[in-house]
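Each chain gets a letter, A, B and so on, in the order the sequences are listed, and its residues count up from 1. All of these numbers come straight from a predicted model, not from anything done at the bench.
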Amino acid sequence: MKPDLPVDVFLPGGPDRFRSLLLSWFDRDKRLLPWRKNRSLYGTWISEVMLQQTTVTVVVPYWEKFMATFPDVHALAAAEPDEVLSLWSGLGYYRRARQLHQAAREVVSGALGKLPDNREGWLDLPGVGPYASGAIASIGLGIRVPALDSNARRVLTRWVVSEASVLDDLRPSHLERIGALVVDPERPGDWNEAVMELGALICRASSPRCEACPVRSLCRAGGNETADLIPAPRIPSGKTRVRLGLLVLAWRDRIMLMPPASGSVVVPAGSGAPVRPDVSGLHVGLWGLPSTPWLPDLHRGRDIWPGSIWRPWLESLPGVERLPGGNDPVLLGSFRHAITRYRLVVQVYGLRLPSNVFLDRKDVFQMTISRPEGGISVSKGGKQGTLAGTGFYRWPSTKQPVSKLVNKSLVIAANSIV
DNA sequence: TACCCGTGGTC
DNA sequence: TGACCAAGGGT
């Protein structure tokens, strides 16, 4: 793998044959995805951002709802940040939503006044990097540029490298060059999609289906039956074990949420007071359940977060000096969850406050969830609305009852806490 | 450069 | 249950 080797050594079988086989397969076997019908530049942009590190099946419903709510860049730019985040709730990587919204506003208020018509223009927008700018320019604008995501890198690497021992010789710059050379001049967008589709369906990271591959006859790794060794596996990074408690504080027909950390949270930090669930940049801009701080899980299996730790804070609320059943939340259960580099053990506590306690203190809780028929609505700063206008962090749904308590069934939790 | 940022599916 | 990974970008 030397950079001065002839092109046909870099491109086994030659680019024309490779393109022809792959595009024919793509035309026949490509998935019918919502953003592939009635293509638009805007819709392509939204899909590319949502698909970053996120699987297709997860993205589909989010994309459809997003497009229905914000059908064009003007609608998106005119939205409140909270509305955009709410449509992202559950999708993860929430910075994408904030940057998408910011980019829309830059587009609308910028000199151009419309979406960029070249790759460089896209690259200037927040949240659009080397890959996404190439994908949008080729798929949405028909410009002949590569779009090298992890799928494409894997496909190209296996195509040109037969064994793991020479992987070190294939530098990133070589891969970039190969990627740029091989883009189909007539159908650049279809080409980039085809390479990614092959990587997603056939040339998978684990257990590649070489027997079903349309370009197997040209593929060095496939021919050598070494595809599962290429490219080299990444070095895993360690997970930090963390334990935390969540408080489901029910009052009347409501569950308490705390406002985004960027807002004015008057609850004093320190002993006993609930905090926002975000830690060092996680869940920025989202509302969330009151939480204990995240602390190292040094005592596995032990209940080191008794619900009583919130007692001082609870007793500071008006009318909560002494509750009939005591001021200590009860442990409802626990679940495990992983967020990027953290492995969490989450213990969920519940406490129902008597309905005659007055809790409409905007300086403590700025939003609560209530439960009308047909959905969840919120009161926020005294105004009624629906949850489809407020982003909040949803803990992952599992089949465990406890997890349901803190997710889509917050309503149930409100009624189940006695 | 190596981290950091979420979530859900798969084996 | 846990490791791996998916249409990456920002710092």
Review item, nucleotides 9-11 of chain B N/O atoms under 3.5 Å of protein N/O:
none

Could you list, one pair per line, each protein nitrogen or oxygen that sits under 3.5 Å from a nitrogen or oxygen of nucleotides 9-11 of chain C, together with the distance?
residue : atom : partner   : partner atom : Å
dG9(C)  : OP1  : Gly129(A) : N            : 2.9
dG9(C)  : OP1  : Ala132(A) : N            : 2.8
dG9(C)  : OP2  : Tyr131(A) : N            : 3.2
dG9(C)  : N2   : Arg95(A)  : NH2          : 2.6
dG9(C)  : N3   : Arg95(A)  : NH2          : 3.3
dG10(C) : OP1  : Gly127(A) : N            : 2.6
dG10(C) : O4'  : Arg95(A)  : NH2          : 3.3

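For the ring-ring contact (aromatic ring centres under 6.0 Å, His included) test, no residue two or more places apart in sequence or in another chain qualifies with Trp25(A). Residues passing the side chain to side chain contact (heavy atoms under 4.5 Å, CB included) test with Gln53(A) are Tyr93(A), sequence neighbours excluded.
With both ends at atom C1', the span from dT1(C) to dG8(B) equals 15 Å, rounded to whole Å. Across dA7(C) and dC3(B), the matching P atoms stand 24 Å from one another, rounded to whole Å.
Comparing atom distances between the Glu193(A) side chain and each of dC5(C), dG6(B), dA7(C) picks out dA7(C) as nearest. Comparing atom distances between the Arg343(A) side chain and each of dA7(C), dA3(C), dT7(B) picks out dA3(C) as nearest.
Contacts between residues 141-151 of chain A and DNA chain C, defined by a heavy-atom separation below 4.0 Å, involve Asp149(A), Ser150(A), Asn151(A), listed by number.
Distances shown here put every side-chain N or O of Tyr93(A) at or beyond 4.0 Å from the OP1 or OP2 atom of dC4(B).
Residue pairs meeting the side-chain hydrogen bond (donor to acceptor under 3.5 Å, both in side chains) criterion with at least one partner in residues 122-143 of chain A, sequence neighbours excluded, are Glu48(A)-Tyr131(A), Arg119(A)-Ser133(A), Ser138(A)-Asn192(A).
In summary, the aromatic rings of Tyr62(A) and Trp88(A) are positioned with their centroids too far apart to meet the 6.0 Å limit.
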